[in-house]
Structures are given as C-alpha cells and as structure tokens.
Chemist: 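Quick one: structure below, then a few questions.
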2 protein chains.
Amino acid sequence: MAVNIHDVAHRAEVSITTVSHVLSGRGRVSAATQEKVRRAVEELGYQANIHAQRLASQRSRTLAFQIASFTESPNSSSLIPNSNYFLEVLNAAASASTEMEYVLLILSAQAQPSILDRYGIAGVLIIDPRGDEPIFQTETNPNWLIVTNGRVAGNESHIGTVDNDHRRTTRETLEHLSDQGYQNPALLTTDLGRSYTNDVAHEYRDWCQENGREPLVIELEEPPMQETAANAVRMLLDRDHPPDAVITSAEDLALGALHEAQAHGLVVPRDLGIVSVVDSSVLLLTTPTISAVFLDPEQIGKTAISLLISAIDGESTFPQSVITPSSLRIRESTNRKGLTA
Amino acid sequence: MAVNIHDVAHRAEVSITTVSHVLSGRGRVSAATQEKVRRAVEELGYQANIHAQRLASQRSRTLAFQIASFTESPNSSSLIPNSNYFLEVLNAAASASTEMEYVLLILSAQAQPSILDRYGIAGVLIIDPRGDEPIFQTETNPNWLIVTNGRVAGNESHIGTVDNDHRRTTRETLEHLSDQGYQNPALLTTDLGRSYTNDVAHEYRDWCQENGREPLVIELEEPPMQETAANAVRMLLDRDHPPDAVITSAEDLALGALHEAQAHGLVVPRDLGIVSVVDSSVLLLTTPTISAVFLDPEQIGKTAISLLISAIDGESTFPQSVITPSSLRIRESTNRKGLTA
DNA sequence: ATGAAAGCGCTAACAT
DNA sequence: ATGTTAGCGCTTTCAT
C-alpha cells in the first residue's frame with residue numbers, strides 16, 4: 001500500500017540499513033549516498049511507519065497526560081474539566097510533545113496503570129495529584145516515569161515536580177488584602193490533599209497566627225463549583241463576625257463567592273474582597289473583575305514535558321523539582337482603595 | 001521485559017495462535033481452552049503490545065482531531081482555543097474514541113497530511129473547516145476518512161458531516177428578538193467561509209428581506225476576540241440608525257459587544273439586545289447573562305466519532321449527514337420584556 | 001479445534 | 001562506508 005523502506009532502498013540502490021541510517025542520523029554514510037537516499041525519500045514521499053519503528057526500537061515515544069481530578073466516581077468522565085488552567089497546561093504539553101516527536105495520550109482520571117503498559121508509555125504527566133491516583137499504585141518498579149504538577153509523596157518512578165511557590169504568593173496575597181484594609185480573610189478551598197491547596201492553607205494559617213487572626217478555613221467537596229462556594233459564603237456571612245475577604249483555591253469558587261456576595265447586597269470589593277489562587281480568563285468577565293494569582297500554566301506544561309523527555313533519554317539527574325514564577329494580579333475585587341493598577 | 005504472547009501460550013500450554021484467537025474472539029476455540037488461556041492472561045497480567053498489533057494487523061486504530069482554526073500563521077500554535085464549545089467536543093470525541101479502543105491524536109490546525117500517513121491514521125475529525133485546510137489537499141485518493149463538524153465542499157474522503165440546523169435556530173433567534181421588540185438586529189460574525197457562519201448569515205439576510213429590514217452584517221477578522229467585537233460595536237453605535245440588537249457568531253464576540261455597549265452607557269437588554277449563536281459557560285457569568293444557542297457539543301463529538309469508526313469498519317453507507325438538535329436559550333441579555341424564563 | 005509459519009516494516013548488532 | 005540478518009510481538013493464512 002504505502003511506500004516502505006524497501007522501496008526507498010531499491011530506488012536509491014542501497015540497503016535498507018543505509019536508508020535507516022540516513023534517516024536516523026546513526027552510523028556513517030557518505031555524503032553522496034545520503035544524497036541518493038534523500039532524493040529517493042523525497043521522490044517517493046516516504047514516511048516511516050511509526051508502529052514498526054516503535055516495535056523494532058522498543059521505544060514508544062508516547063507520553064500520557066492526566067488531570068488527577070476530582071471525584072472517584074467514574075461517571076464524571078470529562079477528561080478535561082472546563083478550566084482555563086487545565087486547558088493551557090494541556091495545550092502547552094501537547095505542543096511540546098509534538099515538537100519532540102512524541103505523542104501525548106490523554107488519560108481519564110480513572111485510568112489504570114495497565115493501559116500504560118499496553119501502550120508502552122514511557123512517561124506520565126499528572127496535574128494536581130493527591131498521591132492516591134491509580135497510576136501511583138504499582139508495587140513493583142513500573143516501566144514509566146512520572147512528573148507531577150504539584151508535589152506528591154515518594155514513589156520510585158516519580159522523577160520530577162513542577163510547581164509554583166504557593167506559599168510565597170499566598171503571603172503576597174494576604175499582605176495585599178491587609179494593605180487594602182481587610183481584617184479577616186477566610187479561605188475557601190477544595191480538598192487539602194493536593195499540595196497546592198495545602199500550601200495555601202498552611203501559609204494562611206501561619207499568617208493568621210503571626211498576625212493574631214483567627215484562621216477560617218472552609219474545605220469544600222470536589223469538584224469546585226460555583227454553587228458549593230455560594231453555599232459556603234452564605235454560611236460565612238451568617239456568622240457573628242463574618243470575614244471581610246475570601247481567598248479561593250479555584251476560579252469557580254471565586255465566581256460563586258462573588259455571586260452570593262452580590263445576592264446578599266454586598267458590594268465587592270467594598271464589603272467583601274475576593275481573590276482566587278488560580279487565575280483564569282473568566283475572572284476578567286465579572287463585574288467587578290476578580291484578582292487572582294497567575295500560575296503560568298503554559299510554562300508549567302512545557303517544563304513538565306521537557307523534564308519527562310530528558311529523564312526518558314537518561315539525561316541529567318533526578319528527582320528534580322522546578323519552581324515556576326507566579327504573581328498576584330490585582331483586579332477590582334480586592335482594590336478597595338481605588339488603585340489605578 | 002514485559003510479558004508477551006509467548007509467555008501466555010507457554011503457561012496455558014497452547015500455541016500463540018490460540019491465545020490470539022481467544023483474545024480477539026476470532027477462530028474457534030473450545031470453552032476449556034479459552035478458560036485456560038484467560039487464566040494464564042490473568043495470572044501473568046498480560047497486555048498485548050499495541051504497536052505489534054498495529055503493525056501486524058495493518059490497522060492503526062488511531063483517529064485524528066483537528067480544530068480548523070483561525071489564522072494561517074503557524075505561531076498561533078494553541079491546539080485548542082479557549083472556548084467551551086471546542087473543549088466539550090474534544091472531551092466527547094476523546095471519550096468516545098477511548099471507549100472504542102481507538103487513540104485520538106490532537107493535530108494542530110497547520111498539520112500536514114503526511115503526518116496522517118506516518119501514523120497510519122484511519123479517520124480525521126475536523127471542527128469548523130473552511131475547506132482549504134491542508135488535510136483536504138490531497139490529489140490522490142488518501143488513506144483516511146474525514147468527518148467534519150460543519151459542511152464542506154466535495155472531497156472523496158469526506159464521508160460525513162455532523163452539524164446543527166443553524167438556519168432554523170437563527171430564525172428562531174430573530175423571531176425571539178422580534179417578539180422582544182427589537183427592530184434592527186445586526187450580525188457580528190467571523191469568516192463567512194465556515195458553513196455555520198454562512199448559514200446564520202443567509203438566514204439573517206432572508207429574514208431581513210422578508211421583513212423589510214436592511215441587513216447589517218459585519219464580518220470580522222479571526223480569531224474572534226472581545227476587542228475586535230468591541231471595535232465593531234463602537235462603529236455600529238455611531239451610525240445614524242444604530243442597531244438595537246446584535247447577534248454574534250462566537251462567545252467572545254458577545255462578551256466584547258456587551259462590554260462595549262455598557263461602556264457607552266447602554267443598558268442591556270433595554271437599549272441593546274445581545275445573543276450568541278454558540279453557547280458557552282461564560283455567557284452565564286456576565287451581568288446581564290447572555291442569551292445563546294446551545295449546540296450540544298458533547299453530542300456532536302460523540303456522533304462524529306461513531307460515524308468515523310463505522311465508516312472505517314465498512315459498516316453503513318456514505319456520505320452521511322447528521323443534524324444534531326440545538327435550541328435557543330433565552331437569558332437576560334435579550335429579555336427586554338421581563339420574562340421570568 | 002488447534003498449531004506452524006510467514007509476514008507486518010522497521011532497528012540494530014554484527015559482519016565485511 | 002555499506003550490507004546481512006535476526007529479531008520486535010503480534011495477526012492471519014493455511015494445514016492438520
């Protein structure tokens with residue numbers, strides 16, 4: 001059907017080994033022969049069969065991408081939740097993979113390790129793991145390497161972490177709120193089992209202690225939804241001493257908080273400050289716009305894939321931990337003093 | 001390294017042919033032998049090597065997914081634009097593929113046909129094509145089948161279309177606007193070369209003619225952005241007889257239109273009605289919420305993949321055209337008379 | 001009902 | 001510098 005390596009070899013009047021050598025850059029082939037081979041490849045429009053290459057070379061050049069999402073129920077089968085952050089990490093990871101001639105397989109959150117064996121997958125990128133994902137549960141030394149976005153407890157094949165300095169940006173956020181005159185920020189978060197929510201919560205508690213504030217952490221069920229956030233905010237506002245600011249661990253929680261605050265007749269940012277620890281394009285659509293921490297998902301996806309590939313190729317040493325720059329973006333929802341930033 | 005078919009055959013005391021037969025369901029194997037084989041598979045945790053299967057069977061079980069996006073410039077390398085619609089089509093297509101034991105490769109908008117040969121790709125799903133995408137440009141009968149979301153001019157390998165009845169919903173939208181007392185709706189659209197924008201524009205013009213209105217179609221450059229929409233709306237409002245409603249072909253255009261209208265001190269829906277022909281979760285976040293046509297991207301992705309796979313398997317006849325149900329969702333931005341829907 | 005054997009298209013170790 | 005050859009792990013035709 002399609003033209004194969006024999007056709008090329010025949011046309012170039014060389015052996016298939018030579019063709020293979022020319023195309024892979026291995027072995028030594030004279031310039032003249034190389035030219036002959038290249039011309040034959042060109043004329044025939046030859047494309048190496050990738051399945052044969054993978055079988056023969058025993059290298060799959062396939063990576064897997066998993067968003068270690070929310071519920072355990074297999075019915076929530078959406079591979080990529082509707083969040084700007086996830087989409088941008090995926091876009092960057094897919095582009096980086098393609099550039100390196102790797103294929104990126106998108107795994108469901110419930111995917112079992114066996115699928116990795118089946119595809120001969122060499123590396124896995126897991127976003128926001130808790131550490132109890134099926135992929136981690138292999139007793140024997142598995143055949144794949146793992147890089148995570150977010151920290152996770154020790155595992156032999158876990159060879160890299162790409163993360164942000166959430167403690168630093170959380171502190172920056174708290175100081176910003178303080179500057180704006182907010183006295184009692186509360187923290188609205190999902191599952192503290194993820195390292196980023198955990199980091200935020202820790203820093204928040206530390207800051208409260210240092211500043212003589214009573215910490216107020218509401219841990220919500222996953223997935224983060226506007227409605228659950230709204231319920232939580234309703235509760236918070238009913239307290240004797242309601243918070244005057246809310247920090248949320250996800251965009252949808254911030255949206256829900258804003259909605260509920262406004263339903264209560266509160267003016268944001270005057271009566272309540274709102275800031276999300278994860279930025280998203282939707283936070284610019286609300287009135288007021290919502291302050292958030294920009295985590296640079298593009299950088300994260302790109303970095304994670306290159307960590308993975310260099311580990312697969314046996315370059316550099318592991319485990320590695322990369323911290324990606326992040327920064328607070330102050331918008332209207334916490335800009336009580338009318339800064340013009 | 002990993003356990004292979006010989007290991008299983010040895011353990012079950014049968015030939016590898018028998019193992020293959022049992023696993024694929026072909027040939028006839030006695031119940032007793034089947035049981036032996038299955039037990040061996042179970043005990044060894046055998047997973048067939050997928051690359052070997054593909055090479056031997058000459059079937060790649062690989063599909064490609066492409067969003068035939070916006071610009072021709074290869075620098076806009078984002079594979080999946082930040083739009084709810086695309087994300088949901090992709091999620092559904094990926095899930096459906098996985099269910100059928102197919103792999104779905106995400107192609108960039110600039111991907112060349114050669115990549116399809118390389119992977120032995122059997123089918124391609126293209127979202128919102130204009131018809132001039134590289135994948136269509138093969139003189140000789142190519143080795144893959146194409147299903148599109150949106151119509152496209154004849155091509156031998158184009159064996160299916162999944163679409164909505166955009167003309168019907170556009171008419172429904174125009175009648176709704178009319179019911180709400182809007183007299184002069186304008187159409188804000190991107191590239192009319194796509195079938196859905198084309199359908200909308202046609203129906204809009206027909207309706208204008210039937211109702212003695214002057215059609216006002218603004219065709220914007222792609223990609224659809226809030227800013228370009230805002231500029232267009234600014235122009236529209238400066239006219240002698242500005243429109244009192246705007247229909248947009250994309251969520252971001254609606255967002256931009258709303259923003260600009262409000263910046264001009266207009267009250268939506270009172271002074272200007274806004275409705276998007278493509279629904280998105282972000283249209284619920286604005287104040288007011290924005291009316292839109294729900295296209296059911298999940299259904300579209302799912303249907304497209306099953307069309308593709310049944311074509312690959314040689315079932316049913318082609319070409320096929322499937323129309324997926326869609327409906328107008330009336331929200332605040334066009335609810336001038338204070339309906340309580 | 002089961003098995004032997006010939007590929008699938010390539011890589012890579014080993015000649016020459 | 002170039003070629004021979006033995007696989008990679010499976011499917012599938014053809015015997016038996």
Chemist: Applying side chain to side chain donor-acceptor pair (under 3.5 Å), can you list everything that pairs with A/Thr303, at least two apart in sequence or on another chain?
Modeler: A/Gln299
Chemist: For A/Asp163, what residues pass the salt bridge (charged side-chain N to carboxylate O under 4.0 Å, His left out) criterion, not counting sequence neighbours?
Modeler: A/Arg151
Chemist: Within this structure, what is the CZ-to-C1' distance between B/Arg54 and D/dG9, rounded to whole angstrom?
Modeler: 14 Å
Chemist: When the nearest nucleotide of DNA chain C is assigned to B/Ala52 and to B/Thr33 on a heavy-atom basis, which residue is associated with the more 5' position?
Modeler: B/Thr33
Chemist: Would you mind reading off the distance between A/Ile5 atom CD1 and D/dT2 atom C1', rounded to a whole angstrom?
Modeler: 14 Å
Chemist: Apply salt bridge (charged side-chain N to carboxylate O under 4.0 Å, His left out) to A/Arg39 and list each qualifying residue two or more places apart in sequence or on a separate chain.
Modeler: A/Glu35
Chemist: Nearest-nucleotide wise, let me know which of B/Gln53 and A/Ser57 is further upstream toward the 5' end of DNA chain D.
Modeler: A/Ser57
Chemist: Grab the CG-P distance between A/Asn4 and C/dG9 for me, whole Å please.
Modeler: 5 Å
Chemist: Identify each donor-acceptor pair in which a side-chain atom of residues 5-17 of chain B lies under 3.5 Å from a protein atom, sequence neighbours left out, and give them as a table.
Modeler:
{"unit_1": "B/Asp7", "atom_1": "OD2", "unit_2": "B/Asn4", "atom_2": "N", "d": "2.9"}
{"unit_1": "B/Arg11", "atom_1": "NE", "unit_2": "B/Glu43", "atom_2": "OE1", "d": "2.8"}
{"unit_1": "B/Arg11", "atom_1": "NH2", "unit_2": "B/Glu43", "atom_2": "OE1", "d": "3.0"}
{"unit_1": "B/Ser15", "atom_1": "OG", "unit_2": "B/Thr17", "atom_2": "N", "d": "3.3"}
{"unit_1": "B/Ser15", "atom_1": "OG", "unit_2": "B/Thr18", "atom_2": "N", "d": "3.3"}
{"unit_1": "B/Ser15", "atom_1": "OG", "unit_2": "B/Thr18", "atom_2": "OG1", "d": "3.3"}

Chemist: I'd like to check B/Val147 versus B/Thr161 (side-chain heavy atoms, cut-off strictly below 4.5 Å). Are they in contact?
Modeler: no
Chemist: Give a yes/no on whether any side-chain N or O of B/Arg59 is located under 4.0 angstrom from OP1 or OP2 of D/dT12.
Modeler: yes
Chemist: Which nucleotide sits closest to the side chain of B/Ser30: C/dT2, C/dT11, D/dT11?
Modeler: C/dT2
Chemist: Whole angstrom is fine here: how far is it from CG in A/Asn49 over to P in C/dG7?
Modeler: 18 Å
Chemist: Select one nucleotide: of D/dA1, C/dT2, C/dC10, the one nearest the side-chain heavy atoms of B/Val29.
Modeler: C/dT2
Chemist: So, using side chain to side chain donor-acceptor pair (under 3.5 Å) as the criterion, who are the partners of A/Thr324 when residues are at least two apart?
Modeler: none
Chemist: Kindly state which residues belonging to residues 10-26 of chain B come within less than 4.0 angstrom of DNA chain D, counting heavy atoms of the residue only, listed by number.
Modeler: B/Ile16, B/Thr17, B/Ser20, B/His21, B/Arg26
Chemist: Could you list by number each residue of residues 34-46 of chain A showing a heavy-atom separation from DNA chain D of less than 4.0 Å, or answer none if no residue does?
Modeler: none
Chemist: May I ask you to test the A/Val103-A/Tyr119 pair for a side-chain heavy-atom distance under 4.5 Å?
Modeler: no
Chemist: Closest approach to the side chain of A/Ala56, judged atom by atom: which nucleotide of C/dG9, D/dT12, C/dG7 is it?
Modeler: C/dG9
Chemist: Establish, with yes or no, whether the OP1 or OP2 oxygen of C/dC8 is under 4.0 angstrom from a side-chain nitrogen or oxygen of B/Gln58.
Modeler: no
Chemist: Take A/Ala31 and B/His6, find for each the nucleotide of DNA chain D with the closest heavy atom, and name the residue whose nucleotide sits nearer the 5' end.
Modeler: A/Ala31
Chemist: Which residues pass the side chain to side chain donor-acceptor pair (under 3.5 Å) test with A/Thr98, sequence neighbours left out?
Modeler: none
Chemist: Could I get the full list of side chain to side chain donor-acceptor pair (under 3.5 Å) partners for B/Ser20, not counting sequence neighbours?
Modeler: none
Chemist: Does a nitrogen or oxygen in the side chain of A/Arg118 sit under 4.0 Å from OP1 or OP2 of D/dC10?
Modeler: no
Chemist: Tell me: CZ of A/Arg61 to P of C/dC10, nearest whole Å?
Modeler: 16 Å
